[in-house]
2 protein chains.
Amino acid sequence: MKKRDYPKPSVTVDIVIFTIKGDDLKVLLVKRAIKPFKDIWAIPGGFVRMEEDLEKAAKRELEEETGVKNVYLEQLYTFGEVKRDPRGRVITVAYFALLPQIKTRLRATADVSEARWFSVKKPPELAFDHLKILKYALKRLRWKLEYTTIAFSFLPEKFTLTQLQKIYEIVFNKKFDKRNFRKKILSLDLLEKIKEKKKGAYRPASLYKFKKKIGEIIEVL
Amino acid sequence: MKKRDYPKPSVTVDIVIFTIKGDDLKVLLVKRAIKPFKDIWAIPGGFVRMEEDLEKAAKRELEEETGVKNVYLEQLYTFGEVKRDPRGRVITVAYFALLPQIKTRLRATADVSEARWFSVKKPPELAFDHLKILKYALKRLRWKLEYTTIAFSFLPEKFTLTQLQKIYEIVFNKKFDKRNFRKKILSLDLLEKIKEKKKGAYRPASLYKFKKKIGEIIEVL
DNA sequence: CCAAAAGTGTTAGTGATACACCCATGT
DNA sequence: ACATGGGTGTATCACTAACACTTTTGG
């Protein structure tokens, strides 16, 4: 039996890409080169192609914007209100991604004149319902950081406990007690101390690495 | 600027509807009356209409199947693999709903020859990737029961602590200690003891009601 | 008075928090 | 020798888990 073709909504994937730079949690935003919301900042995304899985579409967009592969990526929520896009019915499957503190080459594309990292503390005016999406992503990020091991996704392979603690302090925007933090992290038995030490000024810190493979996230509830 | 119309995926909402009957957690399934997967059981759902919000579509489907309104409903996940529907590209936004133990009038529709409650312990063969969706919903249900107050969504307005405990025991498929359970629940200060007692054989149990309005779910982490 | 479910406290162990000083290195 | 971040232990408190008997009612 063949079904008549009813009009269909458009489907996009948008990706809230977080990273940590300096003392700030940053989100990647793009400036729209086309209407609607021309010259307004937005969460990067694009239409889902017919022949590509949703998650693959998200990965493609992520790589197009940042040049980065193999990072933590998770589906966030699907936004499907009728009136959220003035052009017509658009359903957006939002993802969020965490990038380690590496140099990314941000790229402009046909629809986008500029891409930049913004502190989540003071985002610019955002197109569509993207502020809502960003807030939702932040909530989920904090939650995941508390109850899983995704924090490691922000770090390079080798890192110090102080670096790790700083990730938590930045994301939650508060200080933690050094001894308690270390006790708790080490008691989870997720880290391996490696011989190497961090070079640089002052007393060198021990480097650790995550025992599990990259991308393997553990619930530590 | 008008964008050319590219081919678009179809979008459906499917709803995993749970309730508790007797000593079993049940899920509502429908038998498909049309191809593909004709006469195979499936999670109820349907196409999203252009002029209706996603969540509204889910509520409509829910009411069509069960005649019930105002129940707990939450977006679960969006399934968007290319090959998940043999008819072509279909993206499914899955929801899950919890029904109190009430008499529902299950309804057949044009696409559905029958609707029935199945124990989640032994579901029949399911169409499409619906087994995956069901498993995902179960996982989320258990999680939510542990860390929020959705358990009350399974109960009528007035209930006994034993009824509440039984919900937990059924969903987690294990026994809990009566004293510890009561202590914990009561310490959350969510329940109000009401004067009424449960009538029936043996010692009558105190009835309680949830202090918050229906649908108000609280994280109790 | 018997059957059945309701109701109730204490103890031990575990994990969370609060808190301050010495150490290793580079300059 | 000093400035800077690295590294460590203990005591208290709150929460969790284990465990068994008495009470109330209907029949």
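A note on names: the letters A, B, ... follow the listed sequences, proteins ahead of strands, and every chain is numbered from 1. This is a predicted model, so every value here is computed, not measured.
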A.B. asks: Tabulated below should be each protein N or O lying under 3.5 Å from an N or O of nucleotides 24-27 of chain C; please produce it.
C.D. replies:
unit_1 : atom_1 : unit_2   : atom_2 : d
C:dA24 : O4'    : A:Arg203 : NE     : 3.4

A.B. asks: Report the distance from atom CZ of A:Phe176 to atom C1' of C:dA16, rounded to the nearest whole Å.
C.D. replies: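 Whole-Å distance recorded here is 13 Å.
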
A.B. asks: Whole angstrom is fine here: how far is it from CG in A:Leu161 over to C1' in D:dG6?
C.D. replies: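 Interatomic distance, CG of A:Leu161 to C1' of D:dG6: 10 Å.
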
A.B. asks: Looking at B:Asp111 and B:Arg32, is there a salt bridge between them, counting it only when a charged N and a carboxylate O are closer than 4.0 Å?
C.D. replies: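 Looking at B:Asp111 together with B:Arg32, the answer is no, because their closest N to O distance does not fall below 4.0 Å.
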
A.B. asks: In terms of side-chain heavy atoms, does B:Thr66 have a donor or acceptor partner in B:Thr104 at a distance below 3.5 Å?
C.D. replies: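 Per modelled atom types, B:Thr66 and B:Thr104 side chains form no pair under 3.5 Å.
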
A.B. asks: What contact category does A:Thr162 fall into here, base, sugar-phosphate, or nothing, at under 4.0 angstrom with non-hydrogen atoms?
C.D. replies: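 Sugar-phosphate, no base atom in range.
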
A.B. asks: Please give, in whole Å, the distance from C:dG9 P to B:Arg182 CZ?
C.D. replies: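 Those two atoms, CZ and P, are 12 Å apart.
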
A.B. asks: Let me spell it out: for each of A:Lys183 and B:Ala205, pick the nucleotide of DNA chain C with the closest heavy atom. Which residue's pick is nearer the 5' end?
C.D. replies: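 Between the two, 5'-proximity favours B:Ala205.
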
A.B. asks: Run the salt-bridge test on B:Lys144 and B:Glu74 with the 4.0 Å N-O cut-off and return the result as yes or no.
C.D. replies: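 Yes, this pair counts.
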
A.B. asks: For D:dG7, does the base pair up with any side-chain atom of A:Lys178 as donor and acceptor (N or O, under 3.5 Å, distance only)?
C.D. replies: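 Donor-acceptor pair under 3.5 Å: yes.
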
A.B. asks: Please state whether the base of D:dA20 and the side chain of B:Arg179 form at least one donor-acceptor pair under 3.5 Å?
C.D. replies: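 Looking at the base of D:dA20, it does pair with a donor or acceptor on the side chain of B:Arg179 (distance under 3.5 Å).
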
A.B. asks: Rounded to whole Å, how long is the line connecting atom CD1 of A:Ile185 with atom P of D:dG7?
C.D. replies: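 Between P of D:dG7 and CD1 of A:Ile185: 14 Å.
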
A.B. asks: Do any pairs count as a side chain to side chain donor-acceptor pair (under 3.5 Å) and have a residue in residues 182-192 of chain A, sequence neighbours left out, and if so which ones?
C.D. replies: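 Only A:Thr162-A:Arg182, A:Asn180-A:Lys183, A:Asp189-A:Lys211 qualify under side chain to side chain donor-acceptor pair (under 3.5 Å).
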
A.B. asks: So, applying ring pair (Phe, Tyr, Trp, His ring centres under 6.0 Å) with B:Phe152, which one of B:Phe159, B:Tyr168, B:Tyr208 is it?
C.D. replies: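 Only match with B:Phe152 under ring pair (Phe, Tyr, Trp, His ring centres under 6.0 Å): B:Phe159.
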
A.B. asks: Looking at B:Phe181, I'd like to know if the NZ or CZ of B:Arg179 sits under 6.0 Å from its six-membered ring centre while staying within 45 degrees of the ring's axis.
C.D. replies: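 The answer is no, since B:Arg179 fails at least one limit relative to B:Phe181.
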
A.B. asks: Between P on C:dT8 and CZ on B:Phe181, what's the gap in Å once rounded to a whole number?
C.D. replies: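 It is 15 Å, rounded to the nearest whole Å.
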
A.B. asks: A:Tyr208 has an atom OH; how far is it from atom C1' of D:dG6, in whole Å?
C.D. replies: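 Rounded to the whole Å, the gap is 10 Å.
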
A.B. asks: In terms of side-chain geometry, is the basic nitrogen of A:Glu63 or A:Lys59 positioned less than 4.0 Å from the acidic oxygen of its partner?
C.D. replies: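 No.
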
A.B. asks: Please work out if A:Ser206 contacts a base, only the sugar-phosphate, or nothing of the nucleic acid, heavy-atom cut-off 4.0 Å.
C.D. replies: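 Sugar-phosphate: the residue A:Ser206, judged by heavy atoms under 4.0 Å, touches backbone atoms but no base.
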
A.B. asks: From NZ of A:Lys175 over to P of C:dA18, roughly how many Å is that when rounded to an integer?
C.D. replies: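 One finds 16 Å between P of C:dA18 and NZ of A:Lys175, rounded.
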
A.B. asks: Output the rounded distance in Å from CD (A:Gln165) to P (D:dT8).
C.D. replies: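 These atoms are roughly 14 Å apart.
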
A.B. asks: If each of A:Asn180 and B:Lys184 is mapped to the nucleotide of DNA chain D with the nearest heavy atom, which maps nearer the 5' terminus, i.e. the 5' end?
C.D. replies: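 Mapping each residue to its closest nucleotide by heavy atoms, the 5'-most match is A:Asn180.
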
